[in-house]
Amino acid sequence: MKNFITLLPPPNITGSLHIGHYFNWALQDFLIQYKKAKGYKTEWILGLDHAGIATQYVVERKLAEKGESRKELGREKFNEKIQEWKIEAEELIQKQVDNFKFDMNWNVRHFTMDEDHQKRVREAFVKLYKDGLIEKKLKITNWDTKCKTAISDLEVIEKVEKSKIYIIEYKAENKEEESLYVATTRPETIFADVALCLNPEDPRAKKLEGKKFLIPLINKAIPVILDELCQADKGLGVLKVTPAHDSLDNEIGEKHKLELISIINEEGKLYNTIKELDGLTIEEAKKEIIKIFKENQINYEEKEWEGIKKYTEKSGVPLEMILTEQWFLDVSTMAKQALENIEEVKFYPEYLKNTFKNWMINIKPWCISRQIWWGHQLPIWYTKEGEIICETTKEEAANKAKVDKEELKQETDVLDTWFSSALWANLTEEKIDVLITGKDILFFWVARMIMFSLYLYNKNPFKKLYFNGIVRDKNNEKMSKTKGNVINPIELNEKYGEDALRFTLLKNTAGNKDIKLNEKEVELSRNFITKIRNAETFLTKYMNKNYKENENLDSWIETKIFEYKQEIETNIEEYEFQKAAELFYDLMWNHYCNWYIEGLKENPSTKAINYFYEILKIGQPFLPLTIEKILPKENKKITITKKETNFEKVIKITKFLRKIKKHSDIKTFYIEFEEKLIENYTKIKNEKTSNFAIILEQEKIFIEKEHIEKVKEAIEKENKELEKERLELTKKIETAKSVPNNIVEEWKNRNKNTEEKLEEINQLKKLIK
RNA sequence: GGGUAUAUAGCUCAGCGGUAGAGCAUUACGUUGACGUCGUAAGGGUCAUAGGUUCGAUCCCUAUUAUACCCACCA
């Protein structure tokens, strides 16, 4: 038996599951059910993520409500509190999972802090460290002043905001020289300035290079340096260089070997400045320094400014760049390996593979340490002498260092949550058939899993990657608690019944794009489910059991089932869920209910119920709960094949008669072909009252004289259209020069058809006269 | 600033070199065998704009516009 493995993106233990989870899970559940029915042994790898910063943030906030803080509690007690929270959160998630009703065994699941995963993480770290890819460095890092931890570049969000920009005068050390004016949005950082920078092309550059200028207030002299990183057209073309608190400045600083002066501490407060400002927060200091400028008659100008401001993703406070010691993972080798192996992975949608590649090409070292308490502590031990030992356990570290293990102190930092997630694909040794996840975590998670798996396990973890869109509200806005437009999947399921939301989402996945979810759509799915239930009621309770032979109709629906089944399966295999859903909808509602069941009313068939069950089997992954209730545990298996049928003729004749009926009060017609069926479909009596006959589909249809005029009208329009088409086609064929033969042949055939039809109509017209 | 995706009927979206499609909504008619209604039918489109390639473009190319997202060090 073949295996089918899929990996659930583990939800965070920070809170409840939302419609995004429901959608993502529904896609996976759909595939699982489909593959199961196909005879595969399926495995859905489930789990939860400890979500380091996010969880710690939530728990700290809860503590703050009670007037407690993590510092008071200490690391051990605090982690106990987090464990309590975890249990609470798990219960909540459990309830939701139960309500989601997916085909999963939630009791069998992993957790990123499980002992075996901790081991996996430690081993990975040690290997990477010993390979020389992990290094501790004093560097400026993105800093979250609320959670007091470093964060990665990916956890930074940017917003365009209106604020103020200040133009500040830096006087020349040599009083004869003219002052330089610097535009900055951060006047509070002048104390960390170590240079002023100009672009080498700047006309002032040659004259000023090496000259010294004074930092306002403290009158410290700093030199002018030249670097093309300073752009002449930005600001006033003069950059104040604060290498300890700005990444561009840091780069310039490194190039010119400038001193790093740190003035912002881990709490986001100033130190090492002047006594009026030390201890103030950035925002406070910004206001205060302007006051001080005024008091000291420092020349400055204030202007309105619109620019990008950075915030931390998790706690939402302004981002600071500060100087700290952090652990960095050099991912360049891994990225190279990932690039070499990515072609064998199929991406849905394909264009994301390029996004993936571009990211890999431009990848930068990853800051993997976090100064929080909840997470995987780094397997790094320090000896009394300050030697760094990296081993998976304290015992091993002690052995290696040849010291008593009580002498070793473990690094207090924990790993970025995504470091442990990066190993999530290695919960199984086998290749995962498909990972279905959101595109927002392509870099955070998917890319890193691929890199880690290739480097550490020499294995490409995935065969296919499917990125689902975001579920948005009916106005195409992202759902958020603050906007109040959040749709709760469980509430929707309660309102519209089981499977309605699931079907709606599957039917609207439209090429991995975001889904605009309108409740109206869910209502339509509900109606579809009702239709199916009613069909069942009709077939089992109301259908006339007085069966007659009904080969034509049966053969037709059987052929339809055969064709649709194939097409639906092809679409599912290509992950075209929306097309598959539409096909199933069409087969069930249009073909089976509207034509077949309507036909049964005249001609009940013993096979009707079997056909119904066959269609349900096809649709089972779309509406598993509904269909499970209807499908009997054991039902007679019937073979579905393509069969000869002339039912299409019935449809054509029916549609023709309906058209006539629409425009007249026709009461009778006469035909000697499937008359009962047509009578039933058209609700026109089959009774010979006239000798006027028209020929359609090689069948004679007799219609009363008085309705002939209406027939004329009905066909006149068709006639016009046909003539127009013939004209166009003839012209096309005549003017065709460099058109391939097969195309011309096709046109000719079509033209022949048109002419035949026109001939039919002409005959008809003659007859009517 | 760079990149990617999207632009087709009132709405949600298919199609993607050779007759513009579906579902919903609208309108009309009809529902004495199932219908948390259902059925039948009709109307509705310069396929974002402008060029180009081609015998032929909604489809390919180029530019423009709009929207969304991603990346980047902008004072």
Side-chain angles (χ1 to χ4, degrees), chain A residues 153-154 158 165-167 182-186 197 229-231 233-242 246-252 305 307-308 321 349 351-352 354-355 358-359 362 364 439-440 442-443 469-470 472 474 476 478 496-497 504 507-518 520-521 523-524 526-544 576 578-579 582-583 585-586 589-590 593-594 597-598 600-602 604 654-655 658-659 661-663 680-683 721 724-725 728-729 732 735-740 742-744 746-747 750 754:
Chain A
D153 291 344
L154 291 176
E158 292 172 346
I165 191 164
Y166 301 90
I167 295 161
V182 175
T184 179
T185 51
R186 305 211 55 183
C197 186
L229 284 172
C230 173
Q231 295 175 27
D233 56 336
K234 293 288 160 75
L236 298 172
V238 188
L239 190 65
K240 68 192 241 341
V241 185
T242 53
D246 182 279
S247 49
L248 175 68
D249 295 9
N250 188 264
E251 210 178 319
I252 295 173
W305 170 252
I308 286 165
M321 302 290 292
Y351 73 82
L352 280 181
N354 282 332
T355 314
N358 284 335
W359 190 70
N362 300 316
K364 286 181 182 165
K439 23 182 172 270
D440 51 333
L442 170 60
F443 303 141
I470 299 169
R472 291 163 176 272
K474 64 179 172 205
N476 209 18
K478 265 191 191 168
Y496 293 102
T504 308
K507 201 163 160 269
N508 287 284
T509 49
N512 308 65
K513 277 181 278 191
D514 291 353
I515 295 184
K516 235 186 248 187
L517 184 66
N518 196 332
K520 180 82 193 163
E521 295 284 334
E523 210 178 308
L524 294 172
R526 190 264 324 269
N527 290 353
F528 179 49
I529 293 164
T530 310
K531 185 80 182 171
I532 294 174
R533 293 224 189 88
N534 277 313
E536 189 214 6
T537 316
F538 175 78
L539 291 166
T540 53
K541 294 198 183 116
Y542 294 85
M543 189 172 66
N544 187 351
E576 301 275 4
Q578 70 290 356
K579 279 184 205 160
E582 275 166 19
L583 285 166
Y585 184 93
D586 186 39
W589 200 320
N590 187 25
C593 292
N594 291 357
I597 290 192
E598 265 333 289
L600 287 182
K601 288 175 182 171
E602 196 41 54
T654 301
K655 287 195 169 175
R658 276 173 182 166
K659 217 179 256 177
K661 196 186 171 195
K662 176 93 184 167
H663 300 283
N680 181 49
Y681 286 135
T682 58
K683 308 262 191 275
E721 277 166 15
K724 200 179 146 199
E725 198 184 327
E728 275 171 13
L729 277 170
K732 258 181 172 177
T735 55
K737 280 176 201 162
S738 346
V739 183
N742 56 332
I743 304 278
V744 180
E746 205 189 302
W747 289 346
R750 228 163 59 207
T754 319

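The sequence lines fix the lettering, A, B, ..., with proteins before strands; numbering per chain opens at 1.
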Quick test: give all pairs of protein nitrogen or oxygen and nucleotides 18-22 of chain B nitrogen or oxygen below 3.5 Å, distance rounded to 0.1 Å.
residue: B:G18; atom: O2'; partner: A:Trp747; partner atom: NE1; Å: 3.0
residue: B:U19; atom: OP2; partner: A:Arg750; partner atom: NH1; Å: 3.1
residue: B:U19; atom: OP2; partner: A:Arg750; partner atom: NH2; Å: 3.2

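- Distances from the side chain of A:Lys364 to the nucleotides B:A68, B:A72, B:A75 place B:A72 closest.
- Interatomic distance, A:Cys197 SG to A:Asp249 CG, rounded to the nearest 0.5 Å: 8.5 Å.
- Distance from the side chain of A:Ile165 is smallest to B:A75 among B:C69, B:A75, B:G39.
- For the pair A:Lys516 and A:Phe538, nearest-nucleotide mapping onto RNA chain B gives the more 5' position to A:Lys516.
- Side-chain atoms of A:Asn680 come within 3.5 Å of backbone atoms of A:Glu598 as a donor-acceptor pair (strictly under, hydrogens ignored).
- Taking the side chain of A:Leu248 as heavy atoms from C-beta on, and the options B:A14, B:C73, B:A34, the nearest nucleotide is B:C73.
- Considering only side-chain atoms of A:Glu598, the nucleotide from B:A41, B:A34, B:A68 that sits closest is B:A34.
- B:G45 and B:A7 have their C1' atoms separated by 14 Å, given to the nearest Å.
- Annotation: B:C47 and B:U8 have their P atoms spaced 11 Å apart (nearest Å).
- Both A:Ala535 and A:Asn358 lie close to RNA chain B; mapped to their nearest nucleotides by heavy-atom distance, the more 5′-ward contact belongs to A:Asn358.
- Across the P atoms, B:C38 and B:U32 are found 16 Å apart, a figure rounded to whole Å.
- Nearest to the side chain of A:Lys513, among B:G39, B:A14, B:A34, sits B:A14.
- Taking the six-membered ring where the residue is Trp, A:Phe528 and A:Trp589 present parallel rings, their angle staying beneath 30° rather than reaching 60°.
- Interatomic distance, A:Ile515 CD1 to A:Thr504 OG1, rounded to the nearest 0.5 Å: 9.0 Å.
- With rounding to the nearest 0.5 Å, the separation of CG in A:Asn508 from CD in A:Glu521 is 5.0 Å.
- Among the nucleotides B:C13, B:C24, B:A34, the one closest to the side chain of A:Lys520 is B:C24.
- Classified by its glycosidic torsion, B:U49 falls in the anti category, the angle being over 90° from 0.
- Counting only Watson-Crick or G-U wobble pairs whose defining distances are both under 3.5 Å, the stems of 3 or more consecutive pairs in RNA chain B are B:1-7 with B:65-71, B:10-13 with B:21-24, B:26-30 with B:38-42, B:48-52 with B:60-64.
- Among B:A75, B:G15, B:G36, the nucleotide with an atom closest to any side-chain atom of A:Thr185 is B:A75.
- In this structure, CD1 on A:Ile597 lies 7.5 Å from NZ on A:Lys531, to the nearest 0.5 angstrom.
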